[in-house]
Amino acid sequence: MTDHARLERAAAVAAPFRKALLAWYRRTARDLPWRRTKDPYAVWLAEIILQQTRVDQGTPYYERFLEAFPTVEALAGASDDEVLKHWEGLGYYARARNLHACARRVVSDRGGRFPETAAGLRALPGIGPYTAAAIAGIAFGEPVAVVDGNVIRVLTRLFDIDAPVEDAAVRKLLDALADALVSPRSPGDHNQAMMELGACVCTPRTPDCPACPVAKWCAASAAGRQHARPVRRPKKPTPLHEVVAAVIRRDGAYLLGKRPPEGLLGGLWEFPGGKVQPGETHAQALQRELREELGVDVAPGKLIASVNHAYTHFRVRLHVYACTIVSGEPVAHVHAELRWVAKDDFPKYAFPTANRKFLDLV
DNA sequence: AAACCGGGGGG
DNA sequence: CCCCCAGGTTT
């Protein structure tokens, strides 16, 4: 089947398709907190939190953010540490930085009002094609289709697409198919229905085709190929790094460093350290890293903990050592800031999860 | 186009 | 253990 034929098919079935989909959605939709409002601020907040994040994982964060920052003005007025503390544990911390920057721009440049079109929203930090379409559809009724991971799975099955979804041509086709199907009158509900279908029925491993409200239009299901869709390009292996971190105590306080705002774990507070280089012992790695990062000479002591942690593109084995400063006074060469922090104050700081794993043992 | 950027749940 | 999730930004 050609892409052109797929598009014609989408246009031909669009009306009965979305009618069946919407009826199913209105009958079975989960009662999620952000579905109870059309407030652009709340919708935007939910969409940012839910980027690459499961509903069950993001929901408590959404509730806590809305409680702490009820308006875009409240969020804009918060400190970056405060925002990051609320984001702690959710991952992809650039989202928190962009969330904050976006709130400040909406308040300072637009009087606290979000743009009312997908194109206008798209220009704000942290808002890409998906999020712009989602907010525009839900909050402002603009008939633009969203294409997220759920929709990709639904569409590649409906139209039995056998090329890798990472291909730009496939992404263009998916956008066009989604736009051909989207409801002009209820784009917000239609988009959420497509995602709900992907999350609850058209699932990755074991799709429940007998329960699907649009199975009669599904080419992959008809051919028994639903398990083989979507097709994805093979991914590269993730390397394993040995990492060391130092617990340095002085007068009942511990030395923490705030990571630079950009890059991995940007803005989070951590125990200083770094990667063990080939041929290096843990002690040598600690001495080298702390000289580079803090400008001090240390004597590595007792091993406190070893923890494993997986990131997106690599894994680490993190070894935590009690260390003593032999000479020098710590100066931030890499970190945005250094601070001596009492253990009772740890809960005020946003740590990477890999640090949280050994915090109780410090 | 490819790389970078977290963490958690489920099979 | 691998896969994938209401993706966006940078190179």
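Reminder, nothing fancy here: chain letters follow the sequence lines and each chain counts from 1. In this text the structure is predicted, and so the values were computed from the model without any measurement.
In this structure, A:Arg233 atom CZ and C:dC4 atom P are separated by 14 Å, rounded to whole Å. A:His309 has its NE2 atom 13 Å from the P atom of B:dC5, to the nearest Å. Between the P atom of C:dC4 and the CZ atom of A:Arg205 lies a distance of 7 Å, rounded to the nearest Å. Protein atom CG of A:Asp56 is 13 Å distant from nucleotide atom C1' of C:dA6, rounded to whole Å. The interatomic distance linking A:Asn150 (CG) with C:dA6 (C1') rounds to 7 Å, in whole Å. When the C1' atom of C:dC4 is taken as reference, atom CZ of A:Arg54 falls 6 Å away, rounded to whole Å. Remark: C1' of B:dG6 and CG of A:Leu265 are 8 Å apart, rounded to the nearest angstrom. The interatomic distance linking A:Arg171 (CZ) with C:dG8 (C1') rounds to 12 Å, in whole Å.
Taking only side-chain nitrogens and oxygens, A:His313 never comes nearer than 4.0 Å to OP1 or OP2 of B:dA3. Look at A:Arg153 and you'll find a side-chain N or O under 4.0 angstrom from OP1 or OP2 of C:dC5. For the pair A:Thr353 and B:dG7, the criterion of a side-chain N or O lying under 4.0 Å from OP1 or OP2 is met. Using a 4.0 Å cut-off, no side-chain N or O of A:Arg35 falls inside it from OP1 or OP2 of C:dA6. Within the structure, a side-chain polar atom (N or O) of A:Tyr93 is placed less than 4.0 Å from OP1 or OP2 of B:dG7. Taking only side-chain nitrogens and oxygens, A:Arg122 never comes nearer than 4.0 Å to OP1 or OP2 of C:dG8.
Spacing of P atoms, C:dT11 relative to B:dG6, comes out at 15 Å, to the nearest Å. Taking the C1' atom of each, C:dG8 and B:dG9 are spaced 23 Å apart, rounded to whole Å. Nucleotides B:dA3 and C:dA6 are separated by 23 Å at their C1' atoms, to the nearest Å.
Around CZ of A:Arg233, the count of heavy atoms belonging to other residues, nucleotides or ligands within 6.0 Å exceeds 12.
Ring pair A:Trp340/A:Tyr254: centre-to-centre distance not below 6.0 Å.
Across all strands shown, A:Ala168 has heavy atoms under 4.0 Å from sugar-phosphate atoms exclusively, and none from any base. Note on A:Gly89: only backbone sugar-phosphate atoms sit closer than 4.0 angstrom, heavy atoms only; bases stay farther off. In this structure, A:Thr206 reaches neither bases nor backbone, as no heavy-atom distance under 4.0 Å exists between it and the strands shown. No contact: A:Glu166 has no heavy atom under 4.0 Å from any strand. Among the heavy atoms of the strands lying under 4.0 Å from A:Ile127 are primed sugar atoms or P, OP1, OP2 only; no base atom is included. When heavy atoms are screened at a 4.0 angstrom cut-off, A:Trp87 is found touching no nucleic acid atom at all. Within the nucleic acid shown, A:Tyr130 comes within 4.0 Å of at least one base atom, counting heavy atoms only. Residue contacts shown for A:Leu268 are absent, as no nucleic acid heavy atom lies under 4.0 Å away.
Positionally, the nearest nucleotide of DNA chain C for A:Arg232 lies more toward the 5' end than for the other of A:Arg232 and A:Gln52. Nearer the 5' end of DNA chain B, as judged by each residue's closest nucleotide, is the contact made by A:Lys236, out of A:Gln51 and A:Lys236. Of the two residues near DNA chain C, A:Asp148 and A:Pro125, the one whose nearest nucleotide lies more 5' is A:Asp148.
In this structure, the side chain of A:Lys343 does not engage the main chain of A:Ala253 through any donor-acceptor pair within 3.5 Å.
If you check B:dG7 for Watson-Crick or wobble pairing at under 3.5 angstrom, you find it paired to C:dC5.
Classified by interplanar angle (parallel below 30°, tilted 30° to 60°, perpendicular above 60°), the ring pair A:Phe65/A:Phe69 is tilted.
For a distance-only test at 3.5 Å, the side chain of A:Thr53 qualifies as a donor-acceptor partner of the base of B:dG6. A donor N or O paired with an acceptor N or O is not found under 3.5 Å between the base of B:dC5 and the side-chain atoms of A:Arg95.
Residue A:Thr131 has its side chain nearest to C:dG7 when only C:dC3, C:dG7, B:dG6 are considered.
Side-chain contact between A:Arg317 and A:Leu240: present, with at least one pair of heavy atoms (C-beta onward) separated by less than 4.5 Å. Using a 4.5 Å cut-off on side-chain heavy atoms (C-beta onward), A:Asn355 and A:Trp269 make no contact. Using a 4.5 Å cut-off on side-chain heavy atoms (C-beta onward), A:Met195 and A:Val154 make no contact.
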